[in-house]
Amino acid sequence: MKPTSDRSPDIDAATVDGVTVGSAIYVGPCGNYDEAVYDYRVPAGSSTLSAKIAAGDRSATDTQVQVEFFLDKARAAVVTPRLGVPAEVILEVTGVNTLSVRSYSEKSDSCGESRGVVLTKAEFSTAQHPAAKKAADGPSEYVVENDPVSDECDSFYFHSDTDPMHLSGRTNYHSLSAGRDGDIGADESGPCTFEYDLGRSATKIVATAGVHDASRTTFTCRAELSIDGKPVQTIDLSLGNTVPVDIPVPNALRLRVVFTFLGPGYGECVLGDFRIMRARA
């Protein structure tokens, strides 16, 4: 596989579970990068993509990387390989033009010489596979990859792009968040407001709402979501509790998110894995 994007991963030998693979693809992210994105053209006539993803044997024991597979912008698989615990992906790619492989790091070290996350196998096949998985959803994009039309949050503004956010023990990437830090009053209420252009082409928005696990136990907050000026969901959140967000937004133009901080103390209000779903072409 050769990427069509400007950035290319390193291809070199890697040892995984004691077995050396001659041409492993180091998908990273590596060193100071907190994300890596590689695009590949799917060969005409392909039916299946098979991939094995693992941490090289010389990786740090606490290596934590999330690897995502997109088919024509539709997220098809998310895996989190760990040292000694590889993952496998088998995807249905009939009629697909572009495969995107994205990796996001919570804890990783340099890549190369069996360090970091690698694809030990990645190949397209014209044969059907009974276990091949199709992309369940249509094309999507992460809300935080779009510039907000407006945002207002003053000194207590937290904004996360690829940084991991822990909600009730689970790691969430691609999060929109806001909260109080240690330099402001413990009872500042905000609010923090963000608006995004949906372009009348979205079908729904999805996320996991919660309070960051590092927040004080006294911290609570409220997340209010509106579409074109109409409130569609209001969620009161506290530490250790999460709420799914799944809101149809057909023909919507503007998404508005308001975070208000209620209980005292440091904390962050989070919409994790926050995505805009689009219709299939």
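The chain is numbered in sequence order, starting from 1.
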Do any pairs count as a ring pair (Phe, Tyr, Trp, His ring centres under 6.0 Å) and have a residue in residues 39-71, sequence neighbours left out, and if so which ones? none

For Lys52, the salt bridge (Lys or Arg N to Asp or Glu O under 4.0 Å) test, sequence neighbours excluded, returns none

Does a side-chain heavy-atom distance below 4.5 Å link Thr80 with Val65? no

Do Glu123 and Leu49 come close enough that some side-chain heavy atom pair is under 4.5 Å? no

CZ (Arg256) and OH (Tyr196) are apart, to the nearest 0.5 Å, by 12.5 Å

Indicate, with yes or no, if Val249 and Ile276 share a hydrophobic cluster defined by side-chain heavy-atom contacts under 4.5 Å among Ile, Leu, Val, Met, Phe, Trp and Tyr. yes

Chi angles and distances behind the side-chain contact (heavy atoms from CB on, under 4.5 Å) call for Val67, Val78: CA-CA 6 Å; Val67 184; Val78 177; over 6 Å; no

Is any side-chain heavy atom of Thr208 closer than 4.5 Å to a side-chain heavy atom of Val243? no

Enumerate the salt bridge (Lys or Arg N to Asp or Glu O under 4.0 Å) contacts for residues 238-250, please, sequence neighbours excluded, ordered by first and then second residue. Lys204-Asp246

Do you know the tightest heavy-atom contact between Leu167 and Gly210? CD2-C, 3.8 Å

Among residues two or more places apart or on two chains, list those pairs meeting salt bridge (Lys or Arg N to Asp or Glu O under 4.0 Å) that have a residue in residues 210-221. none

What do you reckon, is CZ of Arg41 surrounded by more than 12 foreign heavy atoms closer than 6.0 Å? no

According to salt bridge (Lys or Arg N to Asp or Glu O under 4.0 Å), does anything in residues 71-86 pair up with another residue at least two apart or in another chain? List the pairs. Arg75-Asp273

Cluster link Val211 to Val144, ILVMFWY, side chain under 4.5 Å: yes

Short side-chain to backbone donor-acceptor contact, Ser103 and Val27, under 3.5 Å: yes

What residues, two or more places apart in sequence or in another chain, satisfy side chain to side chain donor-acceptor pair (under 3.5 Å) together with Asp197? none

Throw together a table of side-chain donor-acceptor distances under 3.5 angstrom for residues 126-140, partners on residues two or more places apart or in other chains.
{"unit_1": "His129", "atom_1": "ND1", "unit_2": "Ala131", "atom_2": "N", "d": "3.0"}
{"unit_1": "Lys133", "atom_1": "NZ", "unit_2": "Ala76", "atom_2": "O", "d": "3.3"}
{"unit_1": "Ser140", "atom_1": "OG", "unit_2": "Arg275", "atom_2": "NH1", "d": "3.4"}

Would you please say whether a donor-acceptor pair under 3.5 Å links the side chains of Ser238 and Asn241? yes

Do you know which two heavy atoms are closest between Tyr173 and Pro164, and how far apart they sit? CE2-CB, 3.9 Å

Any chance you could lay out the side-chain contact (heavy atoms from CB on, under 4.5 Å) test for Asp12 and Tyr26, step after step, and finish with the verdict? CA-CA 8 Å; Asp12 204 346; Tyr26 284 81; 3.9 Å; yes

Hydrogens and angles aside, do Ser201 and Arg278 bring a side-chain donor and acceptor to less than 3.5 Å of each other? yes

Roughly how far, to the nearest 0.5 Å, is CG of Leu83 from CD of Gln64? 11.5 Å

Checking Arg180 side chain against Gly265 main chain: does a donor-acceptor pair fall under 3.5 Å? yes

Does Leu119 belong to the same Ile/Leu/Val/Met/Phe/Trp/Tyr cluster as Val21, with side-chain heavy atoms less than 4.5 Å apart forming each link? no

Given 3.5 Å as the limit, does a donor-acceptor pair link the side chain of Ser215 with the main chain of Glu268, or not? yes

Please lay out, stage by stage, how Thr171 and Met165 fare under the test side-chain contact (heavy atoms from CB on, under 4.5 Å). CA-CA 6 Å; Thr171 302; Met165 291 281 171; over 6 Å; no

Just to verify, what does Gln66 make a side chain to side chain donor-acceptor pair (under 3.5 Å) with, not counting sequence neighbours? Glu68

Filter on ring pair (Phe, Tyr, Trp, His ring centres under 6.0 Å), then keep only pairs touching residues 132-153, sequence neighbours left out; what's left? Tyr142-His174

Applying salt bridge (Lys or Arg N to Asp or Glu O under 4.0 Å), which residue pairs with at least one partner in residues 222-231 are found, sequence neighbours left out? Arg222-Asp236

Give, for atom CG of Asp17 and atom OG1 of Thr120, the distance between the pair rounded to the nearest 0.5 Å. 9.5 Å

What are the two closest non-hydrogen atoms of Leu271 and Ala209, and how far apart are they? CD2-CB, 3.7 Å

Reported CD1-to-CG distance for the pair Ile247 and Leu255, which is rounded to 0.5 angstrom: 8.0 Å

Are Ile235 and Phe274 joined in one hydrophobic group, where the rule is that I, L, V, M, F, W and Y side chains link up if heavy atoms are under 4.5 Å apart? yes

Minimum heavy-atom distance between Ala252 and Ile227, given as atom pair plus value: CB-CG2, 3.3 Å

Throw together a table of side-chain donor-acceptor distances under 3.5 angstrom for residues 85-102, partners on residues two or more places apart or in other chains.
{"unit_1": "Glu92", "atom_1": "OE2", "unit_2": "Thr94", "atom_2": "N", "d": "3.0"}
{"unit_1": "Glu92", "atom_1": "OE2", "unit_2": "Thr94", "atom_2": "OG1", "d": "2.2"}
{"unit_1": "Ser100", "atom_1": "OG", "unit_2": "Asp39", "atom_2": "OD1", "d": "2.5"}
{"unit_1": "Arg102", "atom_1": "NH1", "unit_2": "Tyr104", "atom_2": "OH", "d": "3.2"}
{"unit_1": "Arg102", "atom_1": "NH1", "unit_2": "Glu145", "atom_2": "OE2", "d": "3.0"}

Shortest non-hydrogen pair, Ile25 vs Pro9, comes out as CG2-CG, 3.6 Å

Any heavy-atom pair between the side chains of Val149 and Arg254 that's under 4.5 Å? yes

Taking all non-hydrogen atoms of both residues into account, name the closest pair between Ser46 and Phe124 and its distance. OG-CB, 3.6 Å

Spatial distance of atom SG (Cys269) from atom CG (Leu237) [nearest 0.5 Å]: 5.0 Å

Going by heavy atoms in the side chains, are Val206 and Met277 under 4.5 Å from each other? yes

By side chain to side chain donor-acceptor pair (under 3.5 Å), Thr15 pairs with (sequence neighbours left out) Thr20

Are Val143 and Leu225 linked, directly or through intermediate hydrophobic residues, by side-chain heavy-atom contacts shorter than 4.5 Å (ILVMFWY only)? yes

Hey, could you give me the SG/CG distance between Cys192 and Leu176, rounded to the nearest 0.5 Å? 9.5 Å

Check the angle between the aromatic planes of Phe259 and Phe194 and answer parallel, tilted or perpendicular using the 30° and 60° thresholds. perpendicular

Decide if atom CZ of Arg170 counts as having more than 12 heavy atoms of other residues, nucleotides or ligands within a radius under 6.0 Å. no

